[in-house]
Amino acid sequence: MRKVVSIILAMSMVLSLCACGRKEEKTAASETAAETKTEAVVQEKTSEATTEPASEAEAGLPEGPVEIQMWTDFNVSEEVLQGVIDRFEAAYKDQGYTIVLDKFAGSDRATKLSLAKESRTLPALFLSAWFTSADEVYQGNILDIDDIAQTAKSDIYPSTYDATCINGKSYMIGLYQSYFGLLYNADYFKAAGLEEFIPANELEIAAWSLSDFQEKILPALAEQFRGTEKYPLGLFAASVQADTHMMNWLSMYGGQMWKDGRSNSGSDEKVIKALDTMKAWTDAGYTNTDVATKDGTEVMPDFQNQLCAISHGQYTNYVATQGKIDSGEIEKFDVRLASVPAEDNGTDRNIMASYIYGACVMNNGKEDEIAVAKEFLRWLLQDKESLTAINTAGTPCFKSIAKAVEAEYPIYASYEKMSGNLWDFTGNVPGFVETRKDLFPAIQSVYSGEKTAADALTEYSEKANKVIDEYTQNSLVLNP
C-alpha cells in the first residue's frame, strides 16, 4: 500500500476539500494532491511528436497569429497545464496559435468573471468545475461544443457526459472528476470493536448500511470518545464551504432535493426526515456540538489531527492525509475511504456526489479566438499524453485513460464500482450556486432550535425557487 501511495504522492498535491471557492488560509493545508499529481505525465513531453493539425483551409481555421487566454481555478499545477499548452503551440506553430494561462484561486473566480463580463474581456477557454460553469451556460457566456464532445462520447463515462449537457447539448469536455464521500479513521473503528465494517482490502471503498451506521457505528464511536474532545462524525453549517457533504446527508433517505428543475427539499418528507435525523445525531453526541458555527473547511483538519473519526472527503484528501502521515506532519493512523450510507424505501444503497472538472469555450464575441479555443479541444481529445496528464488529476472522465493507468492507480477500480451510485447534487438547475446561500442559514436555524426542519426547508425551497425562476427567465439557453 505504501508503495502505491508513494507513487501517487510523488506526482500529487491535493484538490481543495470541495469545488466551492474557499479562503486561501483554510486551504493551504489541503492543496497537495492534484497540484503536481500528473506532472510526470507531461514532463519532457513537449519535445516529442505532437498531433498534426489540419491546415487552416482544411479545417476552416482563422489565419494566425491568434492569441487566446485560458482561465482556470483547477488545482492542477501550472507546470502540467503549461506543458499541455506548449504541446498545442508546438503542433500549431505554423498557424501561429498561442495560449496565455491565467491560473487563480477558486475564491477569486466569481469576481474575475463578473469584471470580465462587464468589461467584455472574457477568455476563450475556461477550465473549471461544472457546477460553477453551468450558471455561465444559462447566461449565454459558454458555447455548446456538442459536435466536439460527440467525437469522444463513447469513451466518456455516461455520468460525466450526461451531467455536462443542458437541453441535450454538451457544454463541457470533462477532464477529471472527484467522487465526494467520506474518509474514516480505521484505527478508531478497530478500537471501538467495529472491525466488521472495515474492508480487508484497504483500497476498497466501504459501503455501510444506514441502519448499521446509525445503530452500531455512531454509538460505538461516541462511547469510545466519551469524556474527550473527540467526536464521531463531522457536520457543519457555518457557510457553503463543502456544501455537498451536507447535501449527501440530506439525500440519505432517498429524498429529492431537486425535481423537475426546481428545489423540492421543503416538499419531500424524506429530505425533511434526513435533516431531523442529522439534528438527532448531534443531540445524541454523535457529532461535534458546534454544527451551526462550524465551517466545512475546519472538519478535515480535525480529522487529520484525529479529533474526528469520520469526515467528508474524496480521494485526493485521502492522498494528502497519507502524505502528511508519511512526512511526519501528523501522527500515523489508518485512513480509509467510504461512501455515504443511504436507503430508499427500505432498500440499502450507497451514494457519492461527483464533481466534474472540465474545459469550456466562452462566448467572448471574438470569432477567431473562439475558433482556436474549439480547435484546442479537438486537439486535446486526440493528444493522449496531454489528455492523460490532466485527466489523472482526479478520477478520469475517460474509460480508456482509467484502463491505461489502472496499474499505477489501482484505487480507480474501486471508484469505478461506485460509478452507478453517483448523484447530481446540483440538479443542473439554473442559479444553483446562488441557491446555496439560503440553504445553510436554513440548516443553522434547525441546529439552533429556531425552526423545525420542515419549516426551514420549506422557506429555503421558496427562496431557491425564486432564484431558479429568475435565472430561467433570463437564460439565453432556455429562452433563445
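For the numbers below, each heavy atom of this structure counts, side chains included, while hydrogens, waters and symmetry mates do not.
- Between the side chains of Tyr157 and Gln177, not a single donor N or O lies within less than 3.5 Å of an accepting N or O.
- Side-chain N or O atoms of Ser475 include none that pairs as donor or acceptor with a backbone N or O of Tyr471 at under 3.5 Å.
- Ring geometry for Trp379 versus Phe88: interplanar angle over 60°, hence perpendicular rather than tilted (30 to 60°).
- Here CD1 of Ile99 is found 5.0 Å from CD1 of Ile85. Values are rounded to the nearest 0.5 Å.
- Taking CD of Glu369 as the start and CG of Asn364 as the end, the distance is 5.0 Å to the nearest 0.5 Å.
- To the nearest 0.5 Å, the span separating CG on Leu122 from NZ on Lys366 amounts to 8.5 Å.
- Here the rule is side chain to side chain contact (heavy atoms under 4.5 Å, CB included) with Val429, and of Ile468, Asn465, Asp424, Asp135 only Ile468 fits it.
- For Arg378 and Asp147, the salt-bridge test passes: some basic side-chain N is under 4.0 Å from an acidic carboxylate O.
- Ser114 contributes no side-chain N or O that, together with a main-chain N or O of Ala110, makes up a donor-acceptor pair within less than 3.5 Å.
- With values rounded to the nearest 0.5 angstrom, Met246 atom CE is found 7.5 Å from Leu275 atom CG.
- Within the 3.5 Å criterion, the main-chain N or O of Glu470 finds a donor-acceptor partner in the side chain of Asn474.
- Without hydrogens or angle criteria, Trp130 side chain to Ala163 main chain gives a donor-acceptor distance under 3.5 Å.
- Side-chain atoms of Ser327 come within 3.5 Å of backbone N or O of Lys324 as a donor-acceptor pair.
- Looking at Thr395 and Tyr179, their side chains never bring a donor and an acceptor atom within 3.5 Å of each other.
- For Glu136 and Lys117, the salt-bridge test passes: some basic side-chain N is under 4.0 Å from an acidic carboxylate O.
- One distance of note links CG of Asp155 with OG of Ser400; it measures 3.5 Å at 0.5 Å rounding.
- Ring pair Tyr355/Phe425: centre-to-centre distance below 6.0 Å.
- In the model, Gln150 has a side-chain atom that pairs as donor or acceptor with a side-chain atom of Tyr161 under 3.5 Å.
- In this structure, Asn421 and Ser339 have side chains that are not in contact, with every pair of non-hydrogen atoms separated by 4.5 Å or more.
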Exercise for review: List the steps, then state whether side chain to side chain contact (heavy atoms under 4.5 Å, CB included) holds for Tyr357 with Val76.
Suggested key: CA-CA 11 Å; Tyr357 301 84; Val76 177; over 6 Å; no
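- Ion pair Lys294/Asp302 flagged as a salt bridge, since at least one NZ, NE, NH1 or NH2 atom sits closer than 4.0 Å to an Asp/Glu carboxylate oxygen.
- Shown here for Met300 and Leu183, the closest heavy-atom pair between the two residues is CE-CD1, 3.7 Å.
- Ion pairing between a basic and an acidic side chain is recognised when a charged N comes within 4.0 Å of a carboxylate O; Asp344 and Arg349 show no such pairing.
- Between Tyr92 and Phe376, the distance from one ring center to the other does not fall under 6.0 angstrom.
- For Gln473 and Asp469, the side-chain atoms include no donor-acceptor pair closer than 3.5 Å.
- For Thr111 (side chain) and Asp108 (main-chain N/O), no donor-acceptor pair under 3.5 Å exists by modelled atom type.
- Proximity of the aromatic rings of Trp208 and Tyr184 is defined here by a centroid distance below 6.0 angstrom, and this criterion is met.
- No side-chain heavy atom of Asp243 sits less than 4.5 Å from a side-chain heavy atom of Phe131.
- Using modelled atom types, one finds no donor on one side chain facing an acceptor on the other under 3.5 Å when comparing Thr98 with Glu89.
- There is a side-chain donor-acceptor pair under 3.5 Å between Asp73 and Ser128.
- With values rounded to the nearest 0.5 angstrom, Arg336 atom CZ is found 14.0 Å from Thr321 atom OG1.
- A 6.0 Å sphere centred on CG of Asp260 holds no more than 12 heavy atoms belonging to other residues, nucleotides or ligands.
- Side-chain contact between Val467 and Lys437 is present, with heavy atoms from C-beta onward closer than 4.5 Å.
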